[in-house]
S.K.: 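Before I ask anything, here is the structure I am working with.
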Amino acid sequence: MWRGAIEDAIGKIRKNLEVHPGTFPHITNEKRYEWSANEDWIEGFHTGLAWLSYEYSRDSFFREQAEGHIADFKKRLEAKICLEHHDIGFLYGLSALAGWIVEKDESARELALQAADHLVGRWREQGGYLQAWGPENDEKNGGRIIIDCLLNLPLLYWASEITGLPKYAEVAYKQAELSRRYLVRGDDSSYHTFYFNTETGEPLGGGTHQGYTVGSTWTRGQAWGIYGFSLSFRYTNDPVFLQTAKRLLRYFLDHLPEDHVAYWDFNVPIEANTSRDSSASAITACGMLELLDLLPEEDGDRGWIQQGVVRTMHSLVNKYATIGEEAEGLLKHGSYHVRGNNGLDDYMIWGDYYYLEALMRLERGIPGYWYERKAE
Ligand code: GLY
């Protein structure tokens, strides 16, 4: 049933790799990608798309492309190019760790571990958090955590599993727990960011970067929470993370418009030109499929989660995907930073990645690159 959508997507990914060798897609407002160097937080998604395409097609073209990207990520880590942030999991999980998962490539495993070392170095012992953005003592962002970080934690949990060293998983667990306590609000909505005193760890208050207001709920942040807490539950088995993922998901699904694809913020006034964020719905689809993989058959929540998957994926495939169109992106109507007027109603490379991951989960049971797969 999803095969046509997957094959259309893989055709576009092949063309992008052929037409833009050695470069990575970046955000524009132009209904096309800007292709440039590996120096933002998003390049791993392009590599992840190549790995998914390889796993589906077994065409060595995609594997070679992904391996070429890994060589680029290695240079980036050695030269520390634009790595003063926590999005190391997005970058190295979907490139190096994926290379280990798919090909059992020892050098890719080593690179993924080096990346985990870099990420764990962002743990601030005094404040007790993993700093999201900027160097230590950064005036604006020194004491700041953000909900997106939950998707960077799998790299740390994995590093502990593979090395037997608890330090990575300890940081990941503490960060997930801190995120649960301070980023998730009592009504199951979420803050995008939260500030702490850098010296004492005292919680100072919520904030936002990409949301409509501090107290609103940025839909992609909520989506990162859904998928991120599900993954923390997979690694830790702590039921509080499962419960949190379900609560955030209920909120997300209960606040969707009629076509089941989110606007960019749950509190923004809806007018004729209000942007959607299809990427938030694609991430949430993966979160729901992850939950369904984790929940026992008798779990009473499976029914509404299954319904959520079906509604979301039918809408994305039938109304938002570029199937049959001449296009670089796979999903239309994503949003990056609406208040900053950057990436409006356009393709988002992570939206493309999660859309294809969701399709691959549905069609082939391939769950992306957030954890190692159990031997059959
Ligand atoms: N992690 C940044 C974003 O979701 O826009």
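Heavy-atom basis, side chains included; hydrogens, waters and symmetry copies ignored. Counting starts at 1 for both ligands and their atoms, following the listed order.
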S.K.: Salt-bridge test for Glu258 and Arg311: reply yes if a basic N is under 4.0 Å from a carboxylate O, no otherwise.
M.R.: no
S.K.: Closest heavy-atom contact between Ser232 and Leu153?
M.R.: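 Heavy atoms only, the tightest pair is OG-CD1, 4.3 Å.
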S.K.: Testing Thr47, Leu77, Leu97 one by one against Tyr92 for a side chain to side chain contact (heavy atoms under 4.5 Å, CB included), which residue passes?
M.R.: Leu77
S.K.: Kindly identify the option in His209, Arg220, His192 whose heavy atom sits closest to atom 3 (C) of ligand 1.
M.R.: Arg220
S.K.: Using a strict 4.0 Å threshold on nitrogen-to-oxygen distance, state whether Arg76 and Asp72 make a salt bridge.
M.R.: no
S.K.: Are any of the N/O atoms in Trp350 less than 3.5 Å from those in ligand 1?
M.R.: no
S.K.: Taking Gly211's backbone N and O only, do any of them form a donor-acceptor pair with Arg339's side chain (distance below 3.5 Å, no angle check)?
M.R.: yes
S.K.: Within a distance under 4.0 Å of any heavy atom of Tyr336, pick out the atoms of ligand 1 and give their elements.
M.R.: 5 (O)
S.K.: For ligand 1, does His337 get within less than 4.0 Å through its side chain, its backbone, both, or neither, judged by non-hydrogen atoms?
M.R.: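 None of His337 does.
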S.K.: Please report whether ligand 1 has a polar contact with Asp148, defined as an N or O pair separated by less than 3.5 Å (distance criterion only).
M.R.: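 Yes - when backbone and side-chain N and O of Asp148 are compared with those of ligand 1, one distance drops under 3.5 Å.
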S.K.: Sort out for me which residue in Tyr353, Tyr336, Tyr355 forms a side chain to side chain contact (heavy atoms under 4.5 Å, CB included) with Met348.
M.R.: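 Running side chain to side chain contact (heavy atoms under 4.5 Å, CB included) over Tyr353, Tyr336, Tyr355 with Met348 returns exactly one hit, Tyr336.
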S.K.: Would Trp224 count as a contact residue for ligand 1, given that I'm defining contact as a non-hydrogen atom of the residue lying under 4.0 Å from a ligand atom?
M.R.: yes
S.K.: For Gln210, take its heavy atoms, then give the atoms of ligand 1 lying under 4.0 Å from any of them.
M.R.: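 Near Gln210, the atoms of ligand 1 are 3 (C), 5 (O).
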